[in-house]
Every structure is written in structure tokens, then in C-alpha cells.
Protein chains: 2
Amino acid sequence: MVTMKEIANKAGVSVSTVSLVLNNRDEGRVKSEIASNVRTIAKQLGYRANPLASSLRTGRTRILGFISEEVATTLYAGGIILGAQSAASQLGYMLITVSTDGKASENEEIAALKRYGTDGFLYAKMSNRVTKAPKSLRGTPLVLVDATDEEGLIPSVEPDEFRIGYDATRRLIDAGCERIAYVGCSELMIAQEGRQAGYRKALEDAGRTFDERLVVNVLNNGPALEAVRDLFDAEHPDGFFCFNDARAWYVYECAARRGLTVGRDISVVGVDNHRVFAETLSPMLTTIELPHFEMGYWAAAKLISLIEDRSLHDLELPETTAAIPPFDAVEPAKIHCTLIEKESVR
Amino acid sequence: MVTMKEIANKAGVSVSTVSLVLNNRDEGRVKSEIASNVRTIAKQLGYRANPLASSLRTGRTRILGFISEEVATTLYAGGIILGAQSAASQLGYMLITVSTDGKASENEEIAALKRYGTDGFLYAKMSNRVTKAPKSLRGTPLVLVDATDEEGLIPSVEPDEFRIGYDATRRLIDAGCERIAYVGCSELMIAQEGRQAGYRKALEDAGRTFDERLVVNVLNNGPALEAVRDLFDAEHPDGFFCFNDARAWYVYECAARRGLTVGRDISVVGVDNHRVFAETLSPMLTTIELPHFEMGYWAAAKLISLIEDRSLHDLELPETTAAIPPFDAVEPAKIHCTLIEKESVR
DNA sequence: TTGAAAGCGCTAACAC
DNA sequence: GTGTTAGCGCTTTCAA
């Protein structure tokens with residue numbers, strides 16, 4: 001590890017001068033000749049600042065805390081973390097991720113993170129829902145990811161759920177489907193409500209009437225399969241908008257048993273939460289990919305802009321190599337999903 | 001943040017004394033009366049050491065680096081990270097996780113981690129394979145997770161792949177299956193080789209002859225489905241050992257199309273890589289759960305024991321709340337998977 | 001325009 | 001046994 005001291009020696013100046021230059025606070029304070037000399041020596045020696053040492057003085061560590069409940073164990077989370085890491089590393093930050101189970105360990109972990117001098121927090125949920133951030137996070141820079149603050153005070157980055165439902169349904173209508181079903185989620189959350197509302201609106205905009213019998217909201221379990229089976233036999237839908245790919249699988253299972261082929265006899269559009277699933281089903285499935293990477297990326301960028309109190313308008317999303325190698329058969333149809341960035345309302 | 005200084009003031013002693021006591025280096029150096037006084041004041045004030053400040057002196061930060069390629073984007077990884085975090089936090093460490101794509105960014109990220117003074121590294125792979133750890137990691141404490149060092153020099157924690165294959169096949173034999181197929185992976189790796197060898201050995205131990213025609217090694221893609229379809233029609237197996245749950249899905253798809261029911265007409269045992277899958281298929285699928293959490297846990301514990309140069313024999317795996325809530329229908333049969341801990345051979 | 005000096009919170013020699 | 005002192009790498013007055 002090369003230090004400022006070494007640079008100072010080599011350049012024949014003091015450490016303070018080096019500090020000024022390397023922090024770009026030399027304008028009008030250090031002779032530009034000396035400044036550039038210091039800079040070249042630094043580059044030459046491969047100097048990299050020791051963020052921990054500076055933190056002692058400045059109180060800022062360039063470390064972000066990423067807190068999630070179960071989320072880090074979901075495939076869903078991988079992309080978010082990856083995106084957040086990407087923005088962080090692009091802006092010279094590091095991410096410490098922490099998973100909690102329950103409020104008790106949550107506060108423990110937050111305290112631990114704070115001891116490490118975390119500059120701010122990302123608080124992520126598994127699926128967009130109304131959320132109350134722990135009080136121990138009040139007062140620190142904080143951004144919610146895939147979640148909505150109860151009081152609208154905390155900024156967040158989340159998918160446009162209504163539009164997901166609208167676009168998916170629109171797609172099925174355009175594909176010529178006459179009886180479009182919605183296989184949703186029976187838990188109350190923004191993702192569910194928004195998507196179902198979008199489904200309904202798309203139908204109405206197309207001059208169709210919303211029919212409750214075509215909607216089945218289920219959990220991800222055994223009874224779910226039965227519910228979808230009943231929907232199949234009672235209503236004979238020819239199009240399915242599925243809350244996620246796990247639910248799409250029920251449709252596949254039922255179709256296979258009835259000798260129906262997805263993509264020919266029935267059409268299916270599903271939100272692609274788990275990737276593994278959709279990759280296996282994909283030759284026949286139209287997916288809506290939640291932009292997890294982007295969500296994490298913009299959330300981290302927003303957090304950093306909060307911390308540094310400056311806008312990051314010039315930031316650009318990096319080219320990503322796909323996190324999971326693309327399915328090597330037919331590239332499935334994909335519907336783009338847009339993000340919403342909510343500002344604090346106060 | 002309460003500092004040692006404050007404690008020292010309140011106790012009427014010097015900071016060094018406080019330091020000695022709070023680091024448990026007071027034995028025979030500080031009067032026990034004073035020591036306990038310092039301790040109570042510390043507890044009272046809720047003192048928590050600032051690991052970053054001490055790192056400046058000691059060179060140790062109590063931060064571990066977790067490096068993975070794609071792994072952090074796989075559901076597979078969630079458990080590992082969770083386990084590693086658990087051991088880390090139990091022993092007073094923090095985990096910084098970093099995902100890389102390709103060697104270039106890998107070295108970048110490693111350098112960044114080193115700047116943060118990481119005490120050691122966990123290097124994780126997506127699936128057990130022979131691995132060459134980056135040279136930039138030489139010289140620092142390092143443990144491989146779900147990977148095997150090329151030269152056997154680096155300690156690792158990995159599943160007992162042979163036994164997975166053996167136990168799975170044994171299970172199918174015990175279930176009365178006559179024609180047991182193996183749906184494996186066509187990539188060369190320890191996981192594949194070990195599991196297929198275990199499959200073969202179990203058959204032979206049961207007095208059966210290994211039949212190549214019952215083995216199909218595929219990727220996770222379109223042609224894979226065809227290969228399984230062919231296997232179905234040519235060999236009519238009544239038992240399937242699947243490399244993972246994604247491959248098990250091909251068997252389900254084929255069975256459904258032929259009117260066969262898993263658990264009645266055919267038996268399937270699969271390694272449960274992706275959880276989402278197996279949870280959906282589970283009422284009928286016997287799964288082998290890779291102990292991801294444990295793998296991460298023991299790997300981190302091993303790393304810390306390397307760093308602190310002490311054995312952690314008294315460490316106990318914590319009770320975990322299941323990372324993903326258990327499937328609420330029939331609890332699927334599960335086969336236990338054991339871990340192997342490899343020491344450095346030199 | 002530059003450098004000396006102090007100090008962030010903590011540890012570790014070394015005096016006392 | 002306990003306090004003094006120096007210093008980890010860096011930032012930040014303040015004096016020159």
C-alpha cells in the first residue's frame with residue numbers, strides 16, 4: 001500500500017500538499033506545476049487512497065449498507081445487489097450487504113453497520129410493498145428499493161407495477177386472445193394491486209368488460225395448482241397474465257396435462273422473478289423482466305447523491321454482461337419494464 | 001459513538017488502560033477492581049469498538065471479502081452468503097460481497113477490497129469445479145467455497161458430490177425402481193463427475209450393471225428437453241436422478257405429456273439448486289438440498305480461524321429460520337447432504 | 001503557495 | 001499496575 005507520505009517524499013513536498021492535490025482541492029492553492037508532478041508520481045506509484053484512514057478525520061467511509069430481509073436469498077435480489085454494487089464501485093463506494101430475519105437481528109445488524117461508519121443505507125424488499133423503515137435508520141441517508149414508504153417521506157426506486165399489468169394484458173390482446181385470465185397473488189401488496197389494476201384498465205381500454213371469474217389470486221403452493229386447474233376447466237381462457245414465473249408454471253402444468261401447447265393453443269405472459277424458471281419455460285413464454293439491476297443501480301446512485309449532496313445526472317448505466325448467460329434456444333419475447341423514482345414528499 | 005476516551009474520563013484512568021481491559025489483555029496488568037469498573041462503565045455507556053480506528057494500528061479490519069463470479073446472481077448463492085454473514089457476525093466480522101464478471105473486473109474488485117483492509121477472502125463458485133484462485137489473492141488468508149483448488153493448496157468447503165449421487169440412486173433403488181436414469185450435466189466439473197460416479201457405484205453395489213443408455217448429460221436449454229424426451233421414449237425409465245431441479249423440470253414436462261405422474265408412475269430425485277423450482281415441484285419431488293448456508297458458514301469460520309490463527313472448534317451453527325418460507329403443502333422428502341472440508345495439503 | 005502541527009480512535013512500546 | 005508517548009494514514013486548521 002503506497003501512502004501519501006511516500007509520494008510527498010518522492011515529490012519533495014509535504015503530505016498536506018499531496019492531500020490537497022489528490023483531493024482536487026488544489027485550485028489556486030498549489031502551484032500547478034507541483035500539482036501535476038504530484039499527480040504523475042501518484043499515478044506512477046499506483047497510489048490509491050485509504051478510505052478507512054480518511055474516514056477517521058472526515059467521518060465518511062465510502063461504505064454503503066445494503067439491508068434486506070429474506071431478499072438476499074432470493075434470486076430476485078441478486079440483480080439488485082449487483083446493480084447497487086456496480087453504481088457503488090463506479091462512484092468509489094463499497095457495499096456491505098446484510099440480511100436479517102426479524103426486527104431484532106435487524107437492529108443488531110444496523111448497529112454493526114453503523115460501527116463500520118456506513119455513510120448511508122439501501123433498504124430492500126423482496127417485492128414491492130408498503131414499508132416502514134426501521135427507526136434506527138432515521139437521520140441517515142436512506143433509499144428504499146422495490147418498496148414504498150408508508151409515509152412517503154423516504155425516497156425509493158420501484159417498478160411501475162400498473163404499467164406491467166397494462167402492457168402484459170395489452171400484449172395478450174394484440175396476440176388475439178379473447179379470454180384473458182389473471183393469475184395473481186393473494187397477498188396484499190403494491191405489486192399485486194398495481195398489476196391487477198393495469199390488467200383491468202387494459203381490458204377496459206380495449207372495450208372489454210372486466211370479468212372477476214377470470215381472475216384467480218393464489219399463493220405459491222399446492223392449492224394454487226388446483227385453483228389454476230379450476231380456472232382452466234371452468235373458463236377455458238386462451239391468454240394468461242401471471243404475477244410471476246412461479247405462477248406461470250401452474251399454467252404450464254395444466255396446459256401440458258390437457259395437451260395444450262403454450263404459444264399455440266394458449267398465450268402466457270409472466271413477470272420473470274426467478275429467471276431460472278423463465279429460462280426453462282422461455283421458448284414459449286413472454287416475460288416481463290423486472291429491471292433488478294437497474295433498480296439497484298439507481299437506488300445506490302440516488303443514495304450517493306444524497307450523501308454527497310450533489311446530483312448525479314451525468315451518470316450512465318454500464319454495459320452489463322448478462323448476469324446469467326442467455327438461454328441458448330429461441331430468445332423469448334420480452335416486455336420492457338419502467339422504473340419509478342419517488343422523491344421524499346417533504 | 002462513545003469512545004474509549006469518554007470511558008477513560010469517566011473511570012478516571014488512561015485510554016491505554018481502557019484499551020487493555022476492553023481487549024481482554026488486562027490479566028495481571030490491570031488491577032481487577034479497575035478492570036471491572038471500566039467494563040461496567042463501558043457496558044453502561046453502550047461502548048462498541050470502532051473497528052476502523054483500530055485497524056489503522058493493527059492492520060486488521062475485521063472485514064472479510066466475499067468474491068464470486070456470477071454466483072451472487074444465482075439463488076444458489078443466497079444461502080452461502082447468508083451463512084458466511086452469519087458466521088462473520090457471530091465472530092464480530094463484516095462481509096463485503098463483490099461480484100465480478102471476468103478476470104479484469106475481478107482484479108479491480110480485489111484491489112478495492114484490499115484498500116478497505118480486508119483481512120481475508122472467501123472465493124465462491126456457482127458449482128463445484130476445479131478452480132484456480134487469482135494470483136492477487138495469494139498471500140492473504142483465503143478459503144474456497146463450493147470449489148476445489150487446482151493444486152490442493154487452498155483450503156475449501158464443498159459438498160460431498162459422490163455421496164449425493166450415491167444416496168440419490170440408493171433412494172430410487174429402495175423405492176423399487178428398475179430402470180434408473182441419470183439426467184446429468186454435460187459440462188465437466190466436480191459436481192457432475194462426482195455425482196455420476198456415485199450413481200454408478202450405487203447401481204453396482206446393488207448388483208446392477210451400469211447402462212450408458214440410461215445416462216443423458218445435457219445443458220440447461222432447448223435441446224436438453226429433446227434429449228430427455230428421447231430418453232423417455234427409448235428407455236422408459238421408472239426412476240430419474242437429476243443433476244439439479246432445472247433438469248428435473250424436463251422430466252416433469254415429459255411425464256406430464258405422457259400422462260405419467262411423478263410419485264406414482266415414475267420417481268424423481270433431484271439436487272435442489274434453485275429452490276423456487278423444487279418448491280413448486282416438491283409435492284412429488286425428492287430433493288437433495290445442497291447445504292448452502294452451512295457451506296458459507298463453515299467457510300467463513302475456517303477463514304476467520306486462519307486469520308486469527310486459532311481453532312474455532314467450539315463454534316456452533318445457529319438455528320436458522322428458513323431463508324425461504326417452507327412450501328405449505330406436503331413436505332417433500334429430503335436427503336441430507338454432507339460437506340467436505342479440505343485442508344491445504346502443504 | 002506551502003508546510004508544520006494537531007487530531008480522528010485506537011494500540012503498543014516503554015517509562016514510571 | 002498504570003500512564004505517557006508515539007504513531008497508523010489522512011485531513012485540516014493555521015502560520016509562515
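Here is the naming used below: chain letters follow the sequence lines, and residue numbers restart at 1 for every chain.
- In this structure, L52(A) places its CG atom 12 Å from P of dT11(D), rounding to the nearest Å.
- Counting non-hydrogen atoms under 4.0 angstrom, S19(A) reaches a base of the nucleic acid.
- Of the inter-residue distances, the one linking Y116(A) atom OH with M94(A) atom CE reads 15.0 Å to the nearest 0.5 angstrom.
- The CG atom of D26(A) sits 14 Å away from the P atom of dT12(D) (whole-angstrom rounding).
- Distance CZ (R25(B)) to P (dT11(C)): 9 Å, rounded to an integer number of Å.
- One can place CG of L22(B) at 13 Å from C1' of dT11(C), the figure rounded to the nearest angstrom.
- Note: CG (N9(A)) to C1' (dC10(D)) measures 15 Å, nearest angstrom.
- Axis angle between the ends of the helix from dT1(C)-dA16(D) to dC16(C)-dG1(D), five pairs each and rounded to 10 degrees, works out to 50°.
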So if I define the base as every atom that isn't primed, P, OP1 or OP2, how would nucleotides 2-8 of chain C read as a B/S/- string at a heavy-atom cutoff under 4.0 Å? BBBBBBB

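- Atom CD1 of I7(B) and atom P of dG9(C) are 13 Å apart (whole Å).
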Set out, in order, the CA-CA distance, both residues' side-chain angles and the distance that settles salt bridge (charged side-chain N to carboxylate O under 4.0 Å, His left out) for R39(A) and D26(A), then state yes or no. CA-CA 11 Å; R39(A) 266 184 259 268; D26(A) 58 312; 2.8 Å; yes

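- The closest side-chain donor-acceptor pair between S14(A) and T17(A) falls under 3.5 angstrom.
- Taking atom CD on E27(B) and atom P on dT2(D), their separation rounds to 14 Å, with Å as the unit.
- Counted within 6.0 Å of NZ on K114(B), heavy atoms from surrounding residues, nucleotides or ligands total more than 12; the atom is thus considered enclosed.
- Counting to the nearest Å, the C1' atom of dA12(C) and the CE atom of M4(B) are 12 Å from each other.
- Side chains of T148(A) and N128(A): a donor on one and an acceptor on the other come within 3.5 Å.
- Backbone-only engagement by N23(B) is indicated by non-hydrogen atom pairs under 4.0 Å involving sugar-phosphate atoms exclusively.
- Atom NZ of K135(B) has more than 12 heavy atoms from other residues, nucleotides or ligands within 6.0 Å.
- Contact annotation: Y47(A) reaches the phosphate of dC10(D) (side-chain N/O to OP1 or OP2, under 4.0 Å).
- Judged by distance alone, the side chains of Q85(B) and T97(A) do bring a donor and an acceptor atom under 3.5 Å apart.
- If you check the side chains of E6(B) and Y47(B), you find no donor sitting under 3.5 Å from an acceptor.
- G59(B) comes within 4.0 angstrom of nothing in the nucleic acid, heavy atoms only.
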